[in-house]
Amino acid sequence: KYMYICNTDKGVKLIKPVNYTTDKILFVHNIKQHLIEKGFNQLDFYYMSQDNLPYVISEDILYVMTDYIDLDECDLSKDTDTKKAIELIANFHKLSQGYKLQNIETIKHDISNLDIKQVFLKKLENLKKMKRIVSKQKKLMDFELSFIKEYDYFYKNAVESIEILEKCKYGNLNKLANNNLMICHNRLKEENILIEQKSYLTQFESITIGHFIYDISSFIIRYIKKHSDDYLSLEEILTTYSKINYIDGNFLPILYALIKFPTRYIETCQSFFDRRRNFTPISISSDLQNILELKEFQE
């Protein structure tokens with residue numbers, strides 16, 4: 001969608017518009033070059049323009065060109081696909097470390113100073129605010145009834161996640177990320193992980209400097225959402241990853257807190273209350289139903 005697939009004398013290429021600054025594209029390009037130099041070439045690297053830049057600007061729109069990688073998306077219901085994806089991600093995290101910043105000023109907004117506890121506290125406050133709104137209603141819709149019924153369970157998970165972060169030195173994640181220049185992909189979705197004998201990681205435009213544990217947690221949450229009856233255990237996932245890129249055991253409680261915090265539940269409910277009484281897409285109700293069905297599996 002919104003891309004051009006081009007047959008050229010140099011093979012099939014993909015040209016796509018990107019909604020980022022030129023500084024961000026240069027940052028992404030330099031990270032890709034660093035990865036290729038380290039031996040990680042399983043990515044959609046940018047071709048250079050005649051001006052020796054990894055982009056062109058046409059009618060105020062920024063475009064990049066990559067190879068068109070025509071492979072199947074990762075299927076998280078298949079153990080083989082999932083393991084290949086984990087190994088690919090671990091290699092990406094390991095080999096991207098140690099990148100030398102080209103210009104600290106132009107990409108300072110990419111350096112991770114995320115205070116995850118403050119993010120969680122803000123989401124928790126939003127959850128409590130939604131509860132206050134529902135409590136004032138005389139007549140409740142089905143969604144609101146489900147929200148009230150499940151509120152205590154998800155509120156408890158949110159509070160416990162924050163308590164775990166308070167006990168752990170979660171601030172060390174940012175220190176390590178900045179000291180070692182760790183890179184987070186931030187969009188580890190099936191459509192960006194292409195699986196065959198040689199797998200590819202694509203769509204790097206959202207990468208930031210940040211501890212890889214954030215990427216791992218988002219991938220695991222995605223896997224929980226997409227699991228099949230025959231699934232990998234959390235231990236198998238972490239063991240497969242750690243064989244390539246070691247995870248410090250001191251950070252496992254933080255990973256637990258990241259997975260436990262009910263981000264998806266809060267954001268789904270927030271989407272409902274933002275549109276409440278006007279128009280509620282069926283997808284929001286089905287998302288909530290999916291979250292509730294996965295409670296036991298996630299535990």
Side-chain angles (χ1 to χ4, degrees), residues 1-58 61-76 80-102 106-107 110 181-210 212 214-216 218-219 222 241 244-245:
K1 293 180 179 178
Y2 314 113
M3 301 180 187
Y4 301 93
I5 299 173
C6 308
N7 290 306
T8 78
D9 58 348
K10 299 284 194 331
V12 184
K13 307 299 177 189
L14 184 72
I15 297 176
K16 63 179 180 178
V18 288
N19 188 26
Y20 299 98
T21 64
T22 54
D23 281 347
K24 181 61 182 280
I25 293 300
L26 286 170
F27 170 58
V28 173
H29 172 70
N30 289 334
I31 291 289
K32 288 183 175 184
Q33 288 293 103
H34 168 79
L35 282 163
I36 291 170
E37 289 169 7
K38 290 285 188 177
F40 186 91
N41 60 1
Q42 297 153 271
L43 48 79
D44 52 346
F45 67 89
Y46 297 145
Y47 280 95
M48 305 299 280
S49 71
Q50 290 180 331
D51 297 324
N52 201 34
L53 292 169
Y55 60 83
V56 295
I57 300 174
S58 176
I61 299 174
L62 192 67
Y63 292 91
V64 296
M65 183 171 77
T66 69
D67 285 321
Y68 176 60
I69 305 169
D70 188 16
L71 298 177
D72 290 335
E73 295 178 3
C74 175
D75 184 350
L76 293 179
T80 51
D81 274 23
T82 304
K83 285 183 177 179
K84 284 182 179 180
I86 296 165
E87 291 168 350
L88 181 70
I89 293 164
N91 262 315
F92 160 70
H93 286 152
K94 180 179 180 179
L95 297 177
S96 61
Q97 293 184 47
Y99 166 71
K100 298 292 188 296
L101 290 176
Q102 304 298 308
T106 59
I107 62 163
D110 283 303
L181 286 173
M182 298 177 178
I183 302 298
C184 268
H185 185 277
N186 296 314
R187 290 178 68 185
L188 294 178
K189 300 180 179 181
E190 296 89 324
E191 59 265 31
N192 299 331
I193 303 171
L194 307 178
I195 300 293
E196 210 171 71
Q197 287 187 337
K198 183 178 180 180
S199 305
Y200 285 82
L201 187 61
T202 65
Q203 302 293 335
F204 278 62
E205 286 78 20
S206 294
I207 63 171
T208 57
I209 296 175
F212 54 75
Y214 293 116
D215 259 356
I216 297 171
S218 65
F219 179 83
R222 189 91 185 167
Y241 181 95
I244 296 171
N245 191 40

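- Side-chain atoms of Asp215 come within 3.5 Å of backbone N or O of Asn186 as a donor-acceptor pair.
- The number of heavy-atom neighbours closer than 6.0 Å to NZ of Lys13, taken from other residues, nucleotides and ligands shown, is above 12.
- Legend: residues meeting ring-ring contact (aromatic ring centres under 6.0 Å, His included) with Tyr47, ordered by chain and number and at least two apart, are Phe45.
- Scored by the side-chain contact (heavy atoms from CB on, under 4.5 Å) test, Ser96 finds Leu35, Phe92, Ile183 as partners (sequence neighbours excluded).
- The shortest distance between side-chain heavy atoms of Ile89 and Leu188 falls below 4.5 Å.
- With a 6.0 Å cutoff to the six-membered ring centre and a 45° limit on the axis angle, Lys16 does not count as a cation-pi contact of Tyr4.
- Across Cys74 and Ala85, no two heavy atoms sit closer than the pair SG-CB, 3.9 Å.
- Looking at every heavy atom in both residues, Gly11 comes nearest to Thr8 through O-OG1, 2.6 Å.
- Across Leu43 and Ile69, no two heavy atoms sit closer than the pair O-CD1, 4.3 Å.
- Residues Lys84 and Glu196 are not paired through a salt bridge, judged by the lack of any N-O separation under 4.0 Å between the basic side chain and the carboxylate.
- Rounded to the nearest 0.5 angstrom, Asn91 CG and Asn245 CG are separated by 8.5 Å.
- Distance check, rounded to the nearest 0.5 Å: CE of Met182 to NZ of Lys94 gives 13.0 Å.
- Note that NE2 of His185 is 8.0 Å distant from CD of Glu205, once rounded to the nearest 0.5 Å.
- Results of the side-chain contact (heavy atoms from CB on, under 4.5 Å) test with Pro54 over Leu26, Thr22, Val28 single out Leu26 as the only residue that passes.
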Check step by step if side chain to side chain contact (heavy atoms under 4.5 Å, CB included) holds for Gln97 and Leu181.
CA-CA 5 Å; Gln97 293 184 47; Leu181 286 173; over 6 Å; no
Please evaluate residues His93 and Tyr241 with respect to the criterion side-chain hydrogen bond (donor to acceptor under 3.5 Å, both in side chains), reporting the C-alpha separation (whole Å), side-chain torsions for both, the decisive distance (0.1 Å), and the verdict.
CA-CA 10 Å; His93 286 152; Tyr241 181 95; 2.7 Å; yes
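- Within the 4.5 Å cutoff, no side-chain heavy atoms of Gln203 are placed close to those of Lys189.
- Side chains of Ile193 and Leu201 form a contact here, defined as non-hydrogen atoms less than 4.5 Å apart.
- Distance check: Asp72 CG to Glu191 CD gives 13.5 Å after rounding to the nearest 0.5 Å.
- Pro17 approaches Ile61 most closely through the heavy-atom pair CB-CG2, 3.8 Å.
- Taken from CG in Leu95 to CD1 in Ile244, the straight-line distance is 9.5 Å, to the nearest 0.5 Å.
- Proximity of Tyr68 to Cys6: side-chain heavy atoms (C-beta onward) are nowhere separated by under 4.5 Å.
- The two residues Glu73 and Leu194 make their nearest non-hydrogen contact at CA-CD2, 4.1 Å.
- Between atom CD1 of residue Ile31 and atom OG1 of residue Thr208 there is a gap of 10.0 Å, rounded to the nearest 0.5 Å.
- When all heavy atoms of Asp81 and Asp75 are compared, the pair lying nearest together is OD2-N, 2.9 Å.
- Looking at Asp44, Asn192, Ile25 one by one, the single match for side-chain contact (heavy atoms from CB on, under 4.5 Å) with Phe204 turns out to be Asp44.
- The number of heavy-atom neighbours closer than 6.0 Å to NZ of Lys198, taken from other residues, nucleotides and ligands shown, is above 12.
- With contacts defined as side-chain heavy-atom distances shorter than 4.5 Å, the pair Phe27/Ile207 qualifies.
- The side-chain contact (heavy atoms from CB on, under 4.5 Å) search around Asp51 returns Ser49, Leu53, not counting sequence neighbours.
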